[in-house]
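Heads up: the structure comes next, in structure tokens.
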Amino acid sequence: MVTVRFFASIKEKVGLESIDIPINGPTSIRDVLNRVANETSVDKAFLMPGGFLYALNQRMESLDTPVNDGDEIAVLPPLSGGF
Amino acid sequence: MARLQKENFDVGKEIRALAEKSRGTGGIVTFLGTVRDISKGHEIVKINFESYADMAEKELDRLEDDAKEKFDIIDCLVIHRTGEITVGENIVLIVVTSAHRSAAFDACEWTIDELKTRIPIWKEEFTATGKHWVEEHP
């Protein structure tokens with residue numbers, strides 16, 4: 001099982017704070033997000049538009065990074081911290 | 001150690017605390033970010049900062065460490081607030097102590113620029129007509 005977390009504008013559009021996705025065998029962040037799209041009404045192009053960042057266990061990673069059972073993925077819209 | 005917190009901070013107290021534990025300090029540079037009253041022509045009522053708190057706290061610590069490694073400074077402190085903040089209130093504070101001013105200015109500017117690209121925090125602006133997430137770097 002992998003937990004996928006959503007924040008800010010993505011959380012509002014997806015309508016969820018997080019979703020658990022069962023995995024079996026070699027899987028990447030991209031694979032998991034494709035599964036999220038299949039299991040929700042969210043288009044995969046929305047989850048992977050090119051301008052988002054992705055974190056795996058609280059570290060920025062690319063979409064092709066492998067994931068393991070128990071991992072946490074976060075889908076991060078463009079950051080806007082600071083003043 | 002960096003801090004992510006809802007409550008406000010006392011700028012003078014934070015500067016004094018860092019300076020007191022920074023032996024050899026000859027200069028202190030600070031950056032204080034506050035809530036603007038106008039954004040793109042719209043009057044701001046308040047803003048809300050949402051964070052991926054667990055990651056943001058770790059990244060803020062790494063940011064301080066990276067600043068100390070990259071620049072010839074003594075210490076660096078970063079504080080960022082979350083939650084709802086009203087116009088004019090403090091958002092973010094960066095304090096850099098150094099033996100000489102040049103490194104402190106450079107480190108302070110680098111740290112706020114890096115913060116905006118690395119720390120998972122998002123700003124939601126509330127105006128008289130509605131609210132929206134800010135998804136760009138001004």
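Chain letters run A, B, ... following the sequence lines, proteins first, then strands; residues in each count from 1. As the structure is a computational prediction, the values presented were derived from the model and not from experiment. Hydrogens, waters and symmetry mates are skipped; everything else that's a heavy atom, side chains included, is used.
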### Query
Nearest heavy-atom pair of B:Thr117 and A:Leu53: which atoms, and what distance?
O-CD1, 4.5 Å
### Query
With a 4.5 angstrom heavy-atom cut-off, which part of B:Ser51 approaches chain A: side chain, backbone, both or neither?
backbone
### Query
Would a hydrophobic clustering, with Ile, Leu, Val, Met, Phe, Trp and Tyr connected at side-chain separations under 4.5 Å, put B:Ile74 with B:Ile28?
no
### Task
For B:Phe105, look at atom CZ and say whether over 12 heavy atoms of other residues, nucleotides or ligands are found less than 6.0 Å away.
no
### Task
Verify the neighbour count for atom CD of B:Glu109: are there more than 12 heavy atoms of other residues, nucleotides or ligands below 6.0 Å?
no
### Message
At a 4.5 Å cut-off on heavy atoms, which part of B:Ile91 comes close to chain A: side chain, backbone, both, or neither?
### Response
side chain
### Task
Find the distance between CH2 (B:Trp122) and NZ (A:Lys11) and round it off to the nearest 0.5 Å.
9.0 Å
## Note on the structure
Shortest non-hydrogen pair, A:Leu79 vs B:Ile119, comes out as CD1-O, 3.5 Å
### Query
Of all heavy-atom pairs between B:Met55 and A:Ala55, which one has the smallest distance, and what is that distance?
SD-CB, 3.6 Å
### Message
If hydrophobic clusters are built by linking Ile, Leu, Val, Met, Phe, Trp and Tyr wherever their side-chain heavy atoms come under 4.5 Å apart, do B:Leu4 and B:Val35 end up in the same one?
### Response
yes
### Message
Is there a path of hydrophobic side-chain contacts, each under 4.5 Å between heavy atoms of I/L/V/M/F/W/Y residues, joining B:Phe9 to B:Val78?
### Response
no
### Query
Which members of residues 56-69 of chain A, sorted by number, sit under 4.5 angstrom from chain B on a heavy-atom basis?
A:Gln58, A:Arg59, A:Met60
#### Entry: Hydrophobic cluster membership, B:Ile121 vs A:Phe52, 4.5 Å side-chain cutoff
no
### Query
In terms of heavy-atom contacts, does NE2 of B:His132 have more than 12 from other residues, nucleotides or ligands at under 6.0 Å?
yes
### Summary
In terms of heavy-atom contacts, B:Phe49 and A:Ser80 come closest through CE2-O, 3.8 Å
### Query
At a heavy-atom separation under 4.5 Å, does B:Arg81 approach chain A through its side chain, its backbone, both, or neither?
neither
### Task
Might you confirm whether atom CG of B:Asp65 has over 12 heavy atoms from other residues, nucleotides or ligands at distances under 6.0 Å?
yes
## Note on the structure
Output for pair (A:Ser9 OG, B:Glu124 CD), nearest 0.5 Å, gives 9.5 Å
### Query
Can you pull out the residues in residues 23-42 of chain A with any heavy atom less than 4.5 Å from chain B?
none
### Query
Do A:Ile10 and A:Ile73 belong together in a cluster built from hydrophobic side chains that touch within less than 4.5 Å?
yes
#### Entry: A:Phe83 CZ to B:Leu115 CG distance, which is reported to the nearest 0.5 Å
10.0 Å
